[in-house]
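To start, the structure under review is shown below, and the notes come after it.
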Amino acid sequence: MTTAPPTTNPAITLTLVRLKLSLLRNGLRQSTGRRTAYIASVTVALLFAALQLLGLIALRGNTHAATVCVLLVGVLALGWAVMPLFFPSGDETLDPTRLVMLPLRPRPLVRALLVTSLVGIGPLFTLCLAAGAAIALAHGAAAAVTGVLAVALTLLVCVALARAVAAANIRLLTSRKGRDLAVLSGLVIAVGAQVVNFGAQKLGSSGLSTLDPAADVVRWIPPSAALGAVDSVSEGKYATAAAQLMLTAAALLALLALWQHSLTRLMTTPDGSTLAAAEPDKGTSRTSGALGGLLPAGRTGTVMERSLRYVWRDPKTKAAWVTSLAIGLIVPLFNALQGTGSVYFACFAAGMLGVLMYNQFGQDTSAFWMVAMTISSTRDAYVELRGRALALLLITLPYAALVTVLTTALLGDWPALPEVLGLSFALLGAMLATGAWSSARFPYSIPQEGYKNVAPGQAGLAWISIFGGMVAAALLCAPVLALTIWLHASGATSWTWLLLPLGTVYGATITELGMRLAAPRLARRLPEILTAVSKA
């Protein structure tokens with residue numbers, strides 16, 4: 001009997017590359033919408049990459065070209081490192097746990113996966129950025145040759161970094177509890193956008209020279225060190241360039257070794273990542289009991305506790321809360337720090353959290369049938385809505401007050417504190433009222449898997465529910481807003497403190513009215529709501 005020859009490394013690499021391309025092609029054949037979205041994303045990414053490439057080339061000869069290029073590559077590498085933690089299912093074709101049952105050794109598997117990882121939009125974007133940076137920094141034949149090597153090292157280090165991080169955390173990232181890491185993506189995006197905005201304004205006033213000290217440090221951190229080597233060669237510092245290239249190559253080897261070690265562990269050890277989850281969580285039980293003792297008795301307290309459990313345990317609900325809390329705090333505070341904000345921006349916090357009242361039953365998904373079984377009258381529906389609103393207020397009221405106080409303190413406009421608090425509470429009450437009615441009138445399903453917040457075919461309902469409700473809330477706030485404008489226009493600013501009690505009473509009244517109007521509709525439409533929120 002003849003024995004089949006062992007599979008060679010090139011054959012493994014070619015097979016995995018063809019597998020990835022096949023999965024990508026078959027995935028695009030599933031629906032026209034998915035194909036259109038992919039083509040649109042590729043077009044935008046390539047256009048942005050081309051503009052980035054041209055922009056970096058235009059920096060050639062600029063005094064601060066090295067600073068910009070080195071820091072830009074450093075930020076890009078940071079993105080490669082953290083994206084697997086926030087989007088673990090972004091590239092399922094490279095999930096190493098899918099290969100553990102195959103007779104493959106870790107070392108050739110690393111080589112094959114590394115080559116396979118170079119196929120995609122991300123690597124192409126990285127290649128364009130690194131190439132543009134190298135062209136901007138290379139002056140002379142030696143620097144050009146170094147630039148080619150630097151671009152290759154930069155691309156390989158970025159890809160190896162992402163795969164090493166993903167492989168080291170893949171058991172956690174693919175578990176139910178580990179997916180909660182994606183909740184941080186909203187916070188990071190919100191904070192990052194404001195930091196970039198704040199930094200851009202500072203750079204516009206003080207110039208790029210303020211970044212030179214940071215660039216002097218980052219140019220020794222791989223993969224930015226590879227681009228730093230190109231600049232060093234252009235300046236004739238060959239020893240420094242050699243050290244920077246060796247440092248980048250050493251980092252690449254270390255990442256490959258870490259990646260191989262993680263693959264070996266994945267392929268030879270059982271999955272015990274969920275053992276701890278099976279153990280009873282005594283701390284949680286104690287916390288739940290203490291929380292239950294603070295909440296009202298009866299159905300209202302039960303509904304509040306259930307809603308708060310959703311906030312803590314359900315990934316989609318938690319993501320919405322984290323994002324709203326972060327943006328609601330960042331927008332007014334960052335604008336205040338920049339000196340361009342207004343104390344009225346503090347109302348943004350109440351608005352962001354008020355949106356969470358919309359589509360209250362969508363977060364229940366198919367489990368809403370258990371809630372529906374307990375609603376047999378308009379009174380039951382009213383108490384259900386009231387409990388959900390009170391759970392939201394338990395967090396929103398102190399949070400909105402805190403943001404308002406911090407914004408007022410940064411701007412030093414303490415006389416405006418009462419009226420801003422009154423406006424915030426009135427806005428919150430209007431959004432709770434319209435959110436309760438919208439939840440009963442325009443419910444839609446929230447998929448539990450993936451990153452979509454609306455089930456296919458229900459996007460129109462989501463737009464009507466959220467944006468229609470926000471417009472209605474703005475109209476409901478018109479009386480309080482008109483009173484505020486009138487007091488300032490007439491010069492009666494000494495009476496603006498009345499807006500705090502008036503806004504509070506108005507918000508509470510409009511909330512109660514919204515619950516009363518939404519309760520009969522909720523009681524009548526239970527089967528329709530259950531069908532809508534259970535849609536796959």
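Nothing fancy with the numbering, it's 1 onward along the sequence. Side chains are part of it too, since the values below use all heavy atoms of this structure and drop only hydrogens, waters and symmetry mates.
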Can you give me the closest heavy-atom contact between L500 and T504, atom names plus distance? O-OG1, 2.7 Å
Minimal heavy-atom distance between V480 and A426, with the atoms involved, is CG2-CB, 4.0 Å
Would you say that more than 12 heavy atoms from the other residues, nucleotides or ligands in this model lie under 6.0 Å from the CH2 of W414, or not? yes
Dump the intermediate steps for side-chain contact (heavy atoms from CB on, under 4.5 Å) on Y399 and L329, then the final yes or no. CA-CA 9 Å; Y399 174 80; L329 177 67; 3.4 Å; yes
Begin with the C-alpha distance, continue with both residues' side-chain angles, and end with the deciding distance and a verdict on side-chain contact (heavy atoms from CB on, under 4.5 Å) for I395 and L308. CA-CA 10 Å; I395 302 174; L308 294 174; 4.2 Å; yes
With sequence neighbours excluded, what pairs up with F368 under the ring-ring contact (aromatic ring centres under 6.0 Å, His included) test? F361
For Q360 and L356, indicate whether the former's side chain and the latter's backbone hold a donor-acceptor pair under 3.5 Å. yes
I375 versus L526, closest heavy-atom pair with distance: O-CD1, 3.6 Å
For the residue pair R388 and S307, what are the closest heavy atoms and their distance? CG-OG, 3.7 Å
With a 4.0 Å cut-off on N to O distance, would you call R306 and E384 a salt bridge? yes
Would one find more than 12 heavy atoms of other residues, nucleotides or ligands at under 6.0 Å from atom CE of M515? yes
Assess whether side-chain contact (heavy atoms from CB on, under 4.5 Å) is satisfied between Y382 and L522, documenting all intermediate values. CA-CA 8 Å; Y382 166 76; L522 172 60; over 6 Å; no
Sub-4.5 Å side-chain heavy-atom contact between T408 and V420: no
Closest non-hydrogen contact found for L53 with C128 is CD1-O, 3.4 Å
May I have the step-by-step check of side-chain contact (heavy atoms from CB on, under 4.5 Å) for N359 and I466, ending in yes or no? CA-CA 8 Å; N359 195 35; I466 297 177; over 6 Å; no
Quick check for you: to the nearest 0.5 Å, what is the distance between E305 atom CD and L295 atom CG? 6.0 Å
